[in-house]
Amino acid sequence: MEPLFTAAALRRRELLAAGLASVLPLAAHAQAWPSRPVTLVVPFPPGGSVDLIARLYADPLAKALGTPVVIDNRAGAGGSIASAQVARAKPDGYTLVASSQSSHLANPLTQPNPGYDPIKDFASISQLSRSINVLLVNPAVPAKNFKEFVALVKSRPGELNFCSAGPGSMGQLNVELMKSQLQLDATHVPYRGGGPLVTALISNEVQFGLDNLAPFLPLIQSGKLRALAVAAPARVAALPDIPTFAELGHPVLNTTSWIGIAAPARTPPEIVATLHKAVRSVADQPSMAEALQSRGALPPEVQSPEQFTAMMSERLAVYGDLVRRAGIRGE
């Protein structure tokens, strides 16, 4: 038998120890994800459409992933501050952002330095919903339908105020597109997020807006606000008397918005794939489709992460042309 402490035996022990040391980091890296709570950053205040949809997904997504999903509202600069923070976060799958056309389309087009590139700095995972847009007015506005509204705005150029969740936000871009199509003149009044925007409309501080339906639907149903038109593939079941822009002869205005979920760029592909599968498993549930529709939203399109990114790139090109022509600038 070989003595316990010969040079050869010691050498074999050194080689074994070195081998274990090289394997341990790989084992740690291969640790099953997720092993702790996931933070879903909402870059807007509570109460807006992005916040509502993110919270709708949080619990079922947590069940699908097997770990808590914590909503973290970080408002500021129309969603740019929090989006930039997530772009710089460790790409480990534990910090995600609820993306939207405001934070990942409008801001990069209208802000001089939002702090991130919506395509290069993120791994887009999946849509969470498509957001129906609604043209609505305060009940004090003497316009009962879309035709009367257009006539009213044209008769009072620059006098009516419209709201958005911030300079250069999708709320502003939506109205600017409508103004361009219909040759209207109205004054933009920006707010910091969806919650303050809702308050301003109810109080008649501003007279109209064209933004996501979800946060406004209960207020429309209760009579606190009046809907005049929706941007949707068909009339909304909860608002059967309100026509689509396509019905009114304005198909260009009939585009839905989207709300999605994204991770920092360089997040491992296997984590992105796991997240995509989990989101789709939740989105495909009949109860989620019903919950979205009851809140004035539509189920997300079935897209791979690559298709989602391609769609974003196409819309960046389309709205980029509008922003340049109108000279729109964000904060």
Side-chain angles (χ1 to χ4, degrees), residues 48-49 101-102 106 130-191 194 196-257 295-298 319 322-323 325-326 328:
S49 57
Q101 287 199 166
S102 290
R130 287 174 292 162
S131 302
I132 297 168
N133 291 323
V134 59
L135 173 64
L136 40 80
V137 297
N138 183 281
V141 173
K144 306 302 181 185
N145 55 49
F146 181 74
K147 182 178 180 180
E148 291 180 2
F149 169 78
V150 173
L152 175 66
V153 178
K154 286 189 174 182
S155 70
R156 298 168 56 183
E159 293 184 24
L160 271 68
N161 298 327
F162 70 91
C163 57
S164 79
S169 67
M170 283 307 304
Q172 181 186 9
L173 297 190
N174 291 336
V175 176
E176 293 294 347
L177 181 61
M178 183 174 68
K179 287 169 59 180
S180 174
Q181 290 287 310
L182 303 176
Q183 299 181 334
L184 304 179
D185 183 8
T187 301
H188 178 218
V189 180
Y191 293 87
L197 179 155
V198 170
T199 301
L201 268 170
I202 293 174
S203 66
N204 201 29
E205 186 173 301
V206 291
Q207 285 69 56
F208 74 98
L210 177 49
D211 218 320
N212 291 344
L213 173 61
F216 298 109
L217 183 57
L219 300 170
I220 296 168
Q221 293 172 325
S222 67
K224 293 182 179 179
L225 294 173
R226 181 188 303 131
L228 301 180
V230 292
R235 292 198 181 196
V236 180
L239 301 172
D241 296 329
I242 307 304
T244 68
F245 280 106
E247 287 181 74
L248 294 167
H250 303 288
V252 174
L253 305 178
N254 208 50
T255 303
T256 58
S257 299
R295 290 162 174 79
L298 298 172
Y319 279 96
L322 171 67
V323 167
R325 286 189 286 107
I328 300 170

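Because the structure is a prediction, the values reported are computed rather than measured.
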Next item on the list: Please list all pairs passing the ring-ring contact (aromatic ring centres under 6.0 Å, His included) test where one or both residues lie in residues 155-180, with sequence neighbours left out.
Entry: F162-H188, F162-F208

Next item on the list: Grab the two heavy atoms, one from P215 and one from S49, that are nearest each other, plus how far apart they are.
Entry: CD-CB, 3.6 Å

Item checked: Any L298 side-chain heavy atom under 4.5 Å of P233 side chain -> yes

Notebook entry, point to check: Can you name the closest pair of heavy atoms from F216 and L225 and give their distance?
Noted result: CD2-CD1, 3.7 Å

Margin query: I need the M170 CE to S131 OG distance, nearest 0.5 Å.
Written below: 10.5 Å

Item checked: Y319 side, atom OH; I328 side, atom CD1 - distance, nearest 0.5 Å -> 10.5 Å

Check: Considering all heavy atoms of both residues, which atom of G223 and which atom of P139 are nearest to each other, and what is their separation?
Finding: O-CG, 3.5 Å

Notebook entry, point to check: With distance as the sole test, does N212 use its side chain to make a donor-acceptor pair with the main-chain N or O of N133 at under 3.5 Å?
Noted result: no

Item checked: L213 side, atom CG; L135 side, atom CG - distance, nearest 0.5 Å -> 11.5 Å

Item checked: From CZ (R130) to CD (Q101), nearest 0.5 Å -> 12.0 Å

Item checked: Distance (rounded to the nearest 0.5 Å) between I220 CD1 and I242 CD1 -> 7.5 Å

Item checked: side-chain contact (heavy atoms from CB on, under 4.5 Å) partners for A143, two or more places apart -> V141, E148, F149, L152

Next item on the list: Look only at the side chain of N161 and the backbone of Q207, and say whether a donor-acceptor pair between them is shorter than 3.5 Å.
Entry: no

Checklist line | Within residues 214-241 or reaching into it, pairs that qualify as side chain to side chain donor-acceptor pair (under 3.5 Å) - sequence neighbours excluded | finding: R235-E247

Next item on the list: For the pair N174 (side chain) and D211 (backbone), establish whether a donor and an acceptor sit closer than 3.5 Å, ignoring hydrogens and angles.
Entry: no

Margin query: Looking at every heavy atom in both N138 and S203, which two are closest together, and how far apart are they?
Written below: ND2-C, 4.2 Å

Notebook entry, point to check: When rounded to the nearest 0.5 angstrom, what is the spacing between OG1 in T187 and CG in L160?
Noted result: 8.5 Å

Checklist line | For the student: nearest non-hydrogen atoms of A227 and L239, plus distance | finding: CB-CD1, 4.5 Å

Check: Which heavy atom of T244 sits nearest a heavy atom of A232, and at what distance?
Finding: CG2-O, 3.7 Å

Next item on the list: Using the side chain to side chain contact (heavy atoms under 4.5 Å, CB included) rule, pick out the option among L253, T255, L182, L210 that qualifies with L177.
Entry: L253

Note to self: Just so I know, are the side chains of V206 and Y191 near enough to count as touching, which here means a heavy-atom distance under 4.5 Å?
What the structure shows: yes

